[in-house]
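What you see is a predicted model, and the numbers here were worked out from it, not measured in a lab.
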Amino acid sequence: MRHTSGAAAVLGTVAGAVLLAGCESMAAPLAAVRVGLDGRPHALVRPCGDDRVQGLSLSGTRARDGSGRNLSGWRVEKTLRTGKASFPLFDPPADWHARHTGAQHTVAAYTCRLGFVKGEGDYAYSTTLTFRTTDLAKLRPGRVWADGRVLSLGEFEKLAEDSC
């Protein structure tokens, strides 16, 4: 539960800072998942330029219980520059020092969320990608799940770029 509370605190802090600054935070489609040649899900993270992001995390919650309790995934505590990153979904780069929670594989009964926020400086944005194993099952080679739908990798890259 600590991870869910931490994510809420980060998002609340960012939202508060944005409101105080008189700016509007933007929700942008800057994350996707794909299935690798190895059959494992992979994450694609695309912050704008060399922006520093915070609250980068993957959470898996039971779709039906409504508790929001994080049962699977990981969280990066520090603010970092990821650049364009692609990695196995449950194995973020070691130098990010992610803290893992629960099952480190997809679970059919879970709803997964991959996201981060950018809230420092003169503008803010966030991204949250929500998906289930049924969404991953729809993906053919060269396709990703992003923005609530199946896209080609090129379509996602353009969507992310245009969102910045």
Linking I/L/V/M/F/W/Y whenever their side-chain heavy atoms sit closer than 4.5 Å, directly or via other members, would Val45 and Leu159 fall into one cluster? no
Within-4.5 Å side-chain heavy-atom neighbours: Thr101 and Leu71: no
Hey, is the main chain of Cys48 close enough, under 3.5 Å, to the side chain of Tyr125 for a donor-acceptor pair? yes
Any donor and acceptor pair, going by atom type alone, linking the side chain of Arg52 with main-chain N or O of Arg81 inside 3.5 Å? no
Ion pair Lys138/Asp135, N-O distance below 4.0 Å: yes
Give the cluster check for Leu151 versus Val33: same hydrophobic cluster or not, with ILVMFWY residues linked at side-chain heavy-atom distances below 4.5 Å. no
Chi angles and distances behind the side chain to side chain contact (heavy atoms under 4.5 Å, CB included) call for His42, Phe87: CA-CA 5 Å; His42 289 249; Phe87 52 90; 5.9 Å; no
Heavy-atom closest contact (Ala108 atom, Thr133 atom, distance): CA-OG1, 3.5 Å
same_hphob_cluster(Leu80, Leu30) at 4.5 Å side-chain heavy-atom cutoff: yes
With under 30° as parallel and over 60° as perpendicular, where do the rings of Trp96 and Trp74 fit, or are they tilted in between? tilted
Any idea which heavy atoms bring Ser86 and Leu44 closest together, and the distance? OG-CG, 3.8 Å
Looking at side-chain heavy atoms only, is the closest gap between Arg140 and Val35 below 4.5 Å? no
Begin from the C-alpha positions of Lys84 and Glu157 and carry the test side chain to side chain contact (heavy atoms under 4.5 Å, CB included) through to its verdict. CA-CA 10 Å; Lys84 286 187 173 184; Glu157 296 290 3; 4.0 Å; yes
Taking the side chain from Ser152 and the backbone from Glu155, do they hold a donor-acceptor pair closer than 3.5 Å? yes
Between Leu58 and Cys112, the two heavy atoms sitting closest are CD1-CB, 4.3 Å
Mind running side chain to side chain contact (heavy atoms under 4.5 Å, CB included) on Thr82 and Val53 for me, showing each step along the way? CA-CA 8 Å; Thr82 64; Val53 299; 4.1 Å; yes
Has the side chain of Asp147 got a donor or acceptor atom that lies under 3.5 Å from a matching backbone atom of Arg149? no
Side-chain heavy atoms of Arg143 within contact of Arg34, under 4.5 Å: no
When clusters are formed by joining ILVMFWY residues with side-chain heavy atoms under 4.5 Å apart, either directly or through shared neighbours, do Leu56 and Phe156 land in the same one? no
Applying side chain to side chain contact (heavy atoms under 4.5 Å, CB included), run through Thr130 and Trp145 and close with a yes or a no. CA-CA 9 Å; Thr130 302; Trp145 181 262; over 6 Å; no
How close do Ala160 and Arg46 get, counting heavy atoms only, and between which atoms? CB-CB, 4.1 Å
Which heavy atom of Ala146 sits nearest to which heavy atom of Leu129, and what is that distance? CA-CD1, 3.8 Å
Looking at side-chain heavy atoms only, is the closest gap between Phe90 and Ser72 below 4.5 Å? yes
Lys158 vs Ser163 side-chain heavy atoms within contact, under 4.5 Å: no
Would you say Val144 and Leu89 are hydrophobically clustered, going by side-chain heavy atoms of ILVMFWY under 4.5 Å? no
Shortest non-hydrogen contact from Leu114 toward Ala31: CD2-CB, 4.1 Å
Side-chain donor/acceptor of Lys78 to backbone N/O of Ala98, under 3.5 Å: no
Do Ser57 and Asn70 touch side chain to side chain, with heavy atoms closer than 4.5 Å? no
Exactly one of Arg99, His97, Gln54 clears side-chain contact (heavy atoms from CB on, under 4.5 Å) with Glu77, and that residue is Arg99
